[in-house]
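Below you'll find the structure, written out as structure tokens, and then a few comments.
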Amino acid sequence: MCHNELLNELCSPLPEKEARLYSPLTLAFLGDAVYSLLVRNMLSLQANKPTGKLHKDSIKYVNAAFQAQMAKELLPHLTENEETVFKRGRNAHSSHSPKNQNAGDYRYATGLETLYGYLYLCGETQRIKELFSLSTLQFFENNKTETL
């Protein structure tokens, strides 16, 4: 595959049918990056801070316990299809065992990441923004004074 073909493939959404063929853990791998990027963007827009401080702040949001909390906030807002994708991720068996994290939280976090990865592959950026706004961004705005 040439560079242009690869770039076109990377920048083109997949049909839902094709995205569903990906393993939940592959979707979670991608979704982890999507979620982390959203958090980093949110924190960067808040204030121009040293990168060490930004990283420390991002850890508050990009961890299994927090992501599990956000997943539980979102469950009532998910479509039937999104809930199915989330459950596939939550129920996936990983060879990775969580360190310093509750196993239940880790599973919910994996479900959330799976959902973000799936939506990203499908090109559903507006829906990603909606879900992030309903959960993480809302939490951030409600607790902003604690992070300043």
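These figures come from a predicted structure and were not determined experimentally.
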What donor-acceptor contacts under 3.5 angstrom involve side-chain atoms of residues 35-43, with partners at least two apart or in another chain?
| unit_1 | atom_1 | unit_2 | atom_2 | d |
| --- | --- | --- | --- | --- |
| Tyr35 | OH | Tyr61 | O | 3.4 |
| Tyr35 | OH | Thr136 | OG1 | 2.8 |

| said: Tell me the closest heavy-atom pair linking Cys122 and Ala19, and the distance in Å. | reply: SG-CB, 3.6 Å

| Within the distance-only criterion (no hydrogens, no angle test), does the side chain of Asp32 pair as donor or acceptor with the backbone N or O of Ala28 below 3.5 angstrom? | no

| task | Give a yes or no answer on whether the side chain of Asn63 reaches the backbone of Lys60 with a donor-acceptor pair at less than 3.5 Å. | result | yes

| task | Apply side chain to side chain contact (heavy atoms under 4.5 Å, CB included) to Glu16 and Val85, showing your working. | result | CA-CA 11 Å; Glu16 285 187 28; Val85 171; over 6 Å; no

Check: [Y] and [X] side chains under 4.5 Å, non-hydrogen atoms:
X: Leu121; Y: Glu18; result: no
X: Tyr118; Y: Glu124; result: no
X: Leu14; Y: Tyr22; result: yes

| message | Check this for me: Tyr120, atom OH, are more than 12 non-hydrogen atoms of other residues, nucleotides or ligands nearer than 6.0 Å? | response | no

Distance-only criterion, 3.5 Å: show the donor-acceptor pairs between side-chain atoms of residues 65-78 and protein atoms not counting sequence neighbours.
| unit_1 | atom_1 | unit_2 | atom_2 | d |
| --- | --- | --- | --- | --- |
| Gln67 | NE2 | Glu113 | OE2 | 3.4 |

From [X] [atom1] over to [Y] [atom2], what is the distance, rounded to the nearest 0.5 angstrom?
X: Gln46; Y: Glu141; atom1: CD; atom2: CD; result: 9.0 Å
X: Gln126; Y: Leu131; atom1: CD; atom2: CG; result: 10.5 Å
X: Thr114; Y: Leu119; atom1: OG1; atom2: CG; result: 11.0 Å
X: Glu130; Y: Thr125; atom1: CD; atom2: OG1; result: 10.0 Å
X: Leu137; Y: Phe132; atom1: CG; atom2: CZ; result: 6.0 Å
X: Thr110; Y: Phe29; atom1: OG1; atom2: CZ; result: 13.5 Å

| query | Should Leu25 and Tyr106 be regarded as members of a common hydrophobic cluster, given that ILVMFWY residues are connected when their side-chain heavy atoms come within less than 4.5 Å of each other, either directly or indirectly? | reply | no

